[in-house]
Protein chains: 2
Amino acid sequence: MDARKRSILQALTEDYILSAEPVGSRTLARKYNLGISPATIRNEMADLEEWGFLEQPHTSAGRVPSDKGYRFYVDELMARPAIGNDLLERIRATYQSRIRELEWFVHQTARLVSDITGYPSIVLAPAWELGIFSALRFVRLGKDSALLIMRTEDGLTQNRTVSIPSELSLAQLNDLAQEFSREFSGMAIRDLQNYILDPLSTSLRQHWALWQRALGWLGHGGGEDERMTVAGPLNILNYPEFNDIDKVRRVLGFLEQDKAVEQIAKTRPMAQGVTVLIGTETSVADIKDCSVVTATYRMGEAVVGRVMVVGPRRMQYAYVMTVLEVVSDELSKALKWA
Amino acid sequence: MDARKRSILQALTEDYILSAEPVGSRTLARKYNLGISPATIRNEMADLEEWGFLEQPHTSAGRVPSDKGYRFYVDELMARPAIGNDLLERIRATYQSRIRELEWFVHQTARLVSDITGYPSIVLAPAWELGIFSALRFVRLGKDSALLIMRTEDGLTQNRTVSIPSELSLAQLNDLAQEFSREFSGMAIRDLQNYILDPLSTSLRQHWALWQRALGWLGHGGGEDERMTVAGPLNILNYPEFNDIDKVRRVLGFLEQDKAVEQIAKTRPMAQGVTVLIGTETSVADIKDCSVVTATYRMGEAVVGRVMVVGPRRMQYAYVMTVLEVVSDELSKALKWA
DNA sequence: CATTAGCACTCCCCTGTGGCGAGTGCTAAT
DNA sequence: ATTAGCACTCGCCACAGGGGAGTGCTAATG
């Protein structure tokens, strides 16, 4: 692929990203100073199409980048401008709030990203069930209910109201919690559930029903909902390729459910840095017309969560990547002190 | 309005609810045993249109009920069949779970209702800020964070993590909480916020910053999000009148934001029972093509929340009303023991 | 020999036309 | 009062034709 083909592919991709219209040779020659005539561009485009970088919606339409074309553009062609100062300020300001709750960070980040980019965004909260169980604690609320507080070795906590047998005294509850903590501290939270359901494994079995009730939840680390936040899903309606009600249904349906997002997350390992998945690269049929940009964030040293942007394939890749880079970075910094 | 007009309006409305197609005189005569000819029906329909119960999308189309037509249908014409046993069982089964958390009820109810009816549903959680403050309590989590638990006289609790000055001992915290509780118990939660911000009102002012941080939240009763749950918003896409992308945007946008729902809730007082708002009766422009069915639920004796269904104007009113009646009833029963 | 002008060709899109069908309102007959 | 009959209206759809954007090919050009 020589320099001329590269610049044609780049110009075409950028034009299409802005216009959403198939780009023809004449347009390309007129708008971009390539120094060659439409006829030459046509020849080059024919090559690029043959090689799979471009596609034609139909004969006598302009060309459109294919997944492979976008991929090449993202990997090799596009410029990565530095982030603007205004934007940087805005992002930093978001994290300077006094509120230091994990859930708040997740919500704010999702909203911030979808606001800034104009695409739907998803933020996955720290994967609680991967944490290491440290201790358990009860706080009595009423005569037959208590707050169950679970804590990880990282210092994260989560709590929930459980109903308890009213004959248990506060002291007894505390004993139970201590015994449980002693027994299971150091274990991955994900595994808690399996252990507790084996009645032989613990001397706690006299209150088996209580534990069973409480730990179905503990093992999951709270409801599914709290682990994922979607912001701005309707942004997708602003892009003409989603004028089709069926496409809208697929994409919004995807954003609504929790599980598919995990599929995407699994496509790439939890490597640090910003990752791009284009069209079918996500291998999720519902969003085959979308691209996804993903970044991870850290808490201390460990990678604990993800920020994602879902948009049309003709996404503003460079911009989104830069935004996610900065956001995930600032978020990681903010979480360090949380 | 004589009996014949009534039966014509009823048949037409029911046919249109099922078919979404404007209904003509011939169809009406053929499908329903009205005992009169199309010509007579036409005359009657002309009257009904003149009186504002029917509308014609265009000359030479069939007729469609107007808001006024639906209103008359709902108030006077429609049959209210009893709920089926299967359905009743399903609803009851939902509330027989062991999980007794308020938030869980709200989520489950929203999902249940949208599943059963096939329309989007909204459930408003108990209006926390209307409750009466009873007591406050701290549970230390780490060296500079604590869990703040607030309790109402009804026995509802809510909690949140707050950061606290690390020099405060546990004993000091407890003293603070007790002092605060003594000072403010019996006050409506909604009013807490205003009082605490007046530095003269309390001897607690030495930890003013802490209280300020904590109580901005207490006064609101948690994030907005937790107070409202939407389930099945995409159900709206199944109805042909929402094939238009702009209508979809309006309705989904409405469901996404919190505030507009309150507008609707305010349209009708918190009276018990099931209420129907048709088309522009909601006076929310974004959902002028929708109808809303609303029911309230109780906790003990007091009405504390709402279950709502949002659907196209040609909604299955009778069915939805029956479902909401039963659901809100069962929910109220379940909450009595929560 | 790479580049480019020229040209025939393709195919989408828009518009206008005409037939069909559903439904109406009116009138006259029952 | 009801109804059959009929002319009329209008949306829908299929179809054809013109325009336009863009292409691939070929032959001319520097």
Side-chain angles (χ1 to χ4, degrees), chain A residues 1-9 11-16 18-66 69 240-241 243-244 314, chain B residues 1-9 11-16 18-66 69 240-241 243-244 314:
Chain A
M1 166 109 53
D2 59 9
R4 197 168 66 187
K5 282 200 175 61
R6 293 168 68 101
S7 55
I8 288 176
L9 181 52
L12 187 145
T13 305
E14 285 169 3
D15 196 82
Y16 183 68
L18 289 180
S19 71
E21 301 283 327
V23 187
S25 55
R26 166 189 294 268
T27 317
L28 232 37
R30 202 178 343 107
K31 285 173 68 175
Y32 302 86
N33 292 337
L34 300 175
I36 46 180
S37 77
T40 309
I41 295 178
R42 280 201 289 280
N43 287 328
E44 298 286 39
M45 290 204 298
D47 287 347
L48 287 169
E49 182 170 359
E50 196 178 337
W51 299 350
F53 293 99
L54 296 181
E55 283 167 355
Q56 240 177 332
H58 54 266
T59 345
S60 91
R63 257 91 170 191
V64 163
S66 65
E241 45 267 73
N243 266 346
D244 177 19
R314 54 176 197 92
Chain B
M1 167 108 54
D2 59 10
R4 197 169 65 187
K5 281 201 175 60
R6 292 170 69 101
S7 56
I8 288 176
L9 181 52
L12 186 144
T13 305
E14 284 168 4
D15 196 82
Y16 183 68
L18 289 181
S19 70
E21 301 283 327
V23 187
S25 56
R26 166 190 294 269
T27 317
L28 232 37
R30 199 172 352 102
K31 286 173 66 174
Y32 303 86
N33 292 337
L34 299 175
I36 46 180
S37 76
T40 310
I41 295 178
R42 280 203 288 282
N43 288 327
E44 299 286 39
M45 290 204 298
D47 288 346
L48 287 170
E49 183 171 358
E50 196 177 338
W51 299 350
F53 293 99
L54 296 182
E55 284 166 355
Q56 241 177 330
H58 54 265
T59 344
S60 92
R63 256 89 169 193
V64 163
S66 65
E241 44 267 74
N243 267 346
D244 178 18
R314 52 175 199 92

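Order of the sequence lines sets the chain letters (A, B, ...), proteins ahead of strands, with each chain counted from 1.
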request  = Applying side-chain hydrogen bond (donor to acceptor under 3.5 Å, both in side chains), name anything that partners D47(A), two or more places apart in sequence or on another chain.
outcome  = K5(A)
N/O contacts under 3.5 Å, protein versus nucleotides 12-17 of chain C?
none

Just so I know, are the side chains of [X] and [Y] near enough to count as touching, which here means a heavy-atom distance under 4.5 Å?
X: L12(A); Y: T27(A); value: no
X: Q56(B); Y: V64(B); value: no
X: P65(B); Y: Y16(B); value: yes

ask   = Does the side-chain contact (heavy atoms from CB on, under 4.5 Å) test come out yes or no for D2(A) and E44(A), once each step is laid out?
value = CA-CA 10 Å; D2(A) 59 9; E44(A) 298 286 39; 4.3 Å; yes
For [X], check salt bridge (charged side-chain N to carboxylate O under 4.0 Å, His left out) against everything at least two apart and list the hits.
X: R26(A); answer: none
X: R30(B); answer: none
X: E21(A); answer: none

ask   = What residues form a side chain to side chain contact (heavy atoms under 4.5 Å, CB included) with D244(A), not counting sequence neighbours?
value = D246(A), K247(A)
remark   = Contacts of A39(B) meeting side chain to side chain contact (heavy atoms under 4.5 Å, CB included) (sequence neighbours excluded), chain-then-number -> S37(B), R42(B)
remark   = chain B reaches DNA chain D, atoms under 4.0 Å from its heavy atoms, from dT2(D) to dG11(D)
query = Between the axis at one end of the helix from dC1(C)-dG30(D) to dT30(C)-dA1(D) and the axis at the other (five pairs apiece), what's the angle to 10 degrees?
reply = 20°
inquiry  = Under the salt bridge (Lys or Arg N to Asp or Glu O under 4.0 Å) definition, can you give me all pairs with a residue in residues 51-64 of chain B, not counting sequence neighbours?
reply    =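 Of all non-adjacent pairs touching residues 51-64 of chain B, those that pass salt bridge (Lys or Arg N to Asp or Glu O under 4.0 Å) are E49(B)-R63(B).
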task = Enumerate the residues from residues 25-35 of chain A whose closest heavy atom to DNA chain D is under 4.0 Å, giving them by residue number; use none for an empty result.
result = S25(A), T27(A)
query = Separation of R4(A) atom CZ from dT4(C) atom C1', in whole Å?
reply =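 That distance rounds to 11 Å.
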request  = Mind running a 4.0 Å heavy-atom check of residues 39-47 of chain B against DNA chain C and sending the residues that fall below it, in number order?
outcome  =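 Correct list: R42(B), M45(B).
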